[in-house]
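Notes for the one structure printed next.
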Amino acid sequence: MPVNAALFIFLAATVVSVFVFLSIVAWVTAPSKERQARDRFALLKTLAELPGENAARVLDILQKEDQARIAKRGRDERRGWVEGGIILIAIGLGLAGMLMVPGDSGDWSVGLIPLLLGTAMILIGISRNEKPRKETK
């Protein structure tokens with residue numbers, strides 16, 4: 001079997017297995033999220049039917065959980081921008097170094113593209129507002 005055919009089969013199998021894995025993960029986590037939403041709705045319905053001091057406490061706890069979830073989502077998004085920028089900078093440096101070795105004119109400058117994109121992503125991640133945003137849902 002030629003090397004190119006073997007490489008193609010390997011890459012095709014890898015791509016298919018990654019997408020199958022992602023599909024299974026989505027399929028497994030969907031019922032859990034649905035169950036959590038259903039339980040939360042049932043709790044809110046019960047609280048609406050039985051108002052009182054305990055209901056106010058439970059609503060306060062639910063609000064705090066929502067605020068913590070929104071703050072965590074903001075931190076995760078900010079960290080994602082910074083991590084993506086670091087990865088792009090590493091790719092840019094590696095590409096520039098790899099293209100510098102043959103010594104042809106200015107081929108190494110191609111590595112500046114991901115390097116500058118990574119720098120921009122890090123700056124965006126750092127400049128993200130630390131305050132949690134209100135979620136519109």
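Values below: every heavy atom of this structure, side chains too, minus hydrogens, waters and symmetry copies.
- Once rounded to the nearest 0.5 Å, the distance linking CE of Met98 with CG of Asp107 reads 10.0 Å.
- Leu88 and Val82 fall into different hydrophobic clusters, where Ile, Leu, Val, Met, Phe, Trp and Tyr side chains are chained together by heavy-atom contacts under 4.5 Å.
- For Asn4, the side chain to side chain donor-acceptor pair (under 3.5 Å) criterion is met by no residue, not counting sequence neighbours.
- Taking Ile, Leu, Val, Met, Phe, Trp and Tyr as hydrophobic and joining them when side-chain heavy atoms fall under 4.5 Å apart, one finds Ile87 in a cluster with Ile91.
- Using a 4.5 Å cut-off between side-chain heavy atoms of Ile, Leu, Val, Met, Phe, Trp and Tyr, with links allowed through other members, Ile86 and Leu117 fall into different hydrophobic clusters.
- The minimum heavy-atom distance linking Gly92 with Pro114 is given by the pair CA-CG, 3.5 Å.
- Hydrophobic cluster membership of Phe10, counting Ile, Leu, Val, Met, Phe, Trp and Tyr whose side-chain heavy atoms lie under 4.5 Å apart directly or via other members: Leu7, Leu11.
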Result block: side-chain N/O donor-acceptor pairs under 3.5 angstrom for residues 23-36, not counting sequence neighbours:
| unit_1 | atom_1 | unit_2 | atom_2 | d |
| --- | --- | --- | --- | --- |
| Ser23 | OG | Phe19 | O | 2.9 |
| Thr29 | OG1 | Val25 | O | 3.0 |
| Thr29 | OG1 | Ala26 | O | 3.4 |

Compile the donor-acceptor pairs under 3.5 Å between side chains in residues 119-127 and protein atoms, sequence neighbours left out, one pair per line.
| unit_1 | atom_1 | unit_2 | atom_2 | d |
| --- | --- | --- | --- | --- |
| Thr119 | OG1 | Leu115 | O | 2.9 |
| Ser127 | OG | Leu123 | O | 3.0 |
| Ser127 | OG | Ile124 | O | 3.1 |

N/O donor-acceptor pairs under 3.5 Å from side chains in residues 43-65, not counting sequence neighbours:
| unit_1 | atom_1 | unit_2 | atom_2 | d |
| --- | --- | --- | --- | --- |
| Thr46 | OG1 | Ala42 | O | 2.8 |
| Glu53 | OE2 | Arg57 | NH2 | 2.3 |
| Asn54 | OD1 | Arg57 | NH1 | 3.4 |

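- Under the 4.5 Å side-chain heavy-atom criterion for grouping Ile, Leu, Val, Met, Phe, Trp and Tyr, Trp108 is connected to Leu93 within one hydrophobic cluster.
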